[in-house]
2 protein chains.
Amino acid sequence: MDITTTIEDVANLAGVSIKTVSRVVNMEPNVRPATRERVQDAIRELGYQPNPSARGLASKRSYLVGLFYDDLMAESTYIVNVQRGVLTRCRKEGYELLIHPFNYHQNGINGLAEEITANIIKSRIDGVILTPPLSDLSIAIETLKRLDKPQIRLSPGHHESGSPCVYSDDRIAARLMTEHLIQLGHKRIAFIAGHSGHLAIVHRQTGFIDAMTAAGLNIDNASVSQGSNTFESGVKCAREILSHERAPTAIFASTDEMAAGVMSVAHQLGYSIPGDLSVAGYDNSQIAHQVWPALTTIAQPVNEMAEIATGLLIDQLRGGKKSISQVAMQSELVLRDSTGPAPC
Amino acid sequence: MDITTTIEDVANLAGVSIKTVSRVVNMEPNVRPATRERVQDAIRELGYQPNPSARGLASKRSYLVGLFYDDLMAESTYIVNVQRGVLTRCRKEGYELLIHPFNYHQNGINGLAEEITANIIKSRIDGVILTPPLSDLSIAIETLKRLDKPQIRLSPGHHESGSPCVYSDDRIAARLMTEHLIQLGHKRIAFIAGHSGHLAIVHRQTGFIDAMTAAGLNIDNASVSQGSNTFESGVKCAREILSHERAPTAIFASTDEMAAGVMSVAHQLGYSIPGDLSVAGYDNSQIAHQVWPALTTIAQPVNEMAEIATGLLIDQLRGGKKSISQVAMQSELVLRDSTGPAPC
DNA sequence: ACGTCTGTTGTTAACGTTTAAAATGTGTAG
DNA sequence: CTACACATTTTAAACGTTAACAACAGACGT
């Protein structure tokens, strides 16, 4: 129970050398089952916890993983869930998590490389989990490679880079959502794109276009407007979209925040949702439950993806199987009350 | 620039012993300015970064601080801002942050003590930042004291415990908000309380009662209803409150999420805000901007509080001034468009 | 000039673990 | 019964830093 119990105490109690204790602790082979048992008993009895600093010094590992994300995303449901998933896995595997938000919009893209380098050198991180939009910046990927830091990316789609990655295909999911709207009879559907620095947004837009094209529906200039992921930008876009003479009967916003902005405007303008206008979002954020009616959206299994990614990273750190480098996960269409049949 | 540069390399380049380099790195006294300069040049030239594991091993410090919070709060704007503030200060001071969400609702309050103990022993944390509602549980405070871990609390009000704390007085701020509503001419004001496990909520309710009593306004049973901090609970309470024959003309919800729930119901029932009904929240969460009209609320300087708290903790860790143990910060009334004059 | 103090620098031994190499046992084939 | 291979265990030397103490230098009072 004492925090100052050392490997030597355990060795003495078990009547073996410290190296044998080390073997047991690290689950190394070549320990006789009986010995292993004896050591484990001693560990339990003394409540021994290996000293991470000593370990780190001797083995040149820190048992720390870093979560790198865009500070602008810090408040998003996405990042919070990633944190949760990563933490869950870290605890299981005996790793700790260091969170590192980045502010690369001020210093530009080169500043980012420097900032990453500084962070890696200063912190003793063993490996990095990269989240969007950082995970889609080759400068980030390459910088970490140059520093020889194991990394795993969470990404909105398949990627050629060959760097290990857990992804869900946003293009397919966006297509799914659009098809849902089309099935409800909507013909004039508007899409609100988001921050173009996010690859996810690009994929979602492509998925929208895929579905529209496949259904033979018209995509004119007015069909796609440019937001920036935020509620406010959703408001702005909606004002514009709904001011047109032949306004769409459905709006698919590429983030839930923007969709919430759309709904707010729609209510103000007297639209009934989904009677007059269907609204769909993407991400299954908290806000999707906090609007009325509840928002139809796409849910990625963020928690699970983060857990899996962390697992893969730790495998990599343990020098194990580098084979599995790309894992695909399925997003889900969550039908709620903000979408309904097109008005006649 | 090489990550494997050691203190010895620096010592050789500067022509001094490693101890002198150590002195310079740790800003210890008794180094001649000229020597210090020479060492600093060498450090710069080699891009030397002290090895944290070696440091930790020798000094029994880890340069890691832990942020302990309730996992249920993980998605709140509050916790996100605390994370940001803490990180800002940690970076300045050369510390790293370990985030530790706790799930003590399943295992009960005793489970919490064990969980904290396990976390402290396993992780090499030097000190802990406790956030509400953990910071108001004496079991948490006492457990850390027993483990001899320096701690600092972020709290919604003054506290007798004597443990160091940065707080903003929620009672006073809630009184301020209530007075604002009273000044607008409201006489029937409803208060929606939140999760009673949060001391903040209790203080906010007391502040509400303070103001009502001081103004000679009636507080009957119907004036205070019981929510649980969430949007959904706000919806539930609002349905009830607004179903009464003499419904209030203003509702003060003790969290923004609940206030947003209230607004959603009010819109559905055809109330105009703030024409027919004023709504106020607390926390200045993201959602306060994402409702229409924008929500009048109370803003705590969360970022700043977290920074200061972290600074105090690190001072403590450095063995410095333990004198300043309670810092009070001012919350601010943020007037937006959801509150207005009472209807005649 | 001498000792003494004070500020500066150096030396040596931890700190608790892993790694590499050496030593001991244990079983099996000849 | 011996020898050799192989599994298990021990020993000794890192790892890079700080802590404790020793040594040295120059300033100062006597």
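Values reported hereafter were calculated over all heavy atoms of this structure, with side chains retained and with hydrogens, waters and symmetry mates removed. We name chains A, B, ... by the order of the sequence lines, and we start the count at 1 in each one.
Annotation: K19(B), atom NZ; neighbour count of heavy atoms from other residues, nucleotides and ligands within 6.0 Å is above 12. In the displayed structure, E28(B) atom CD is contacted under 6.0 Å by more than 12 heavy atoms of other residues, nucleotides or ligands.
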Can you give one letter per nucleotide of nucleotides 12-27 of chain C, 5' to 3': B if a protein heavy atom sits under 4.0 Å from the base, S if only from the sugar-phosphate, - if neither?
---BBBBBB-----S-
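Salt-bridge annotation for R146(B) and E142(B): absent, with no side-chain N of the basic residue lying under 4.0 Å from a carboxylate O of the acidic one.
Y69(A) and F102(A) have their aromatic ring centers separated by at least 6.0 angstrom.
To the nearest 0.5 Å, atom CG of residue L98(A) and atom OG of residue S123(A) are 6.0 Å apart.
OP1 or OP2 of dG10(C) has at least one side-chain nitrogen or oxygen of T20(B) nearer than 4.0 Å.
Summarising the geometry, the separation between CG on N30(B) and C1' on dC21(D) is reported as 14 Å, rounded to the nearest angstrom.
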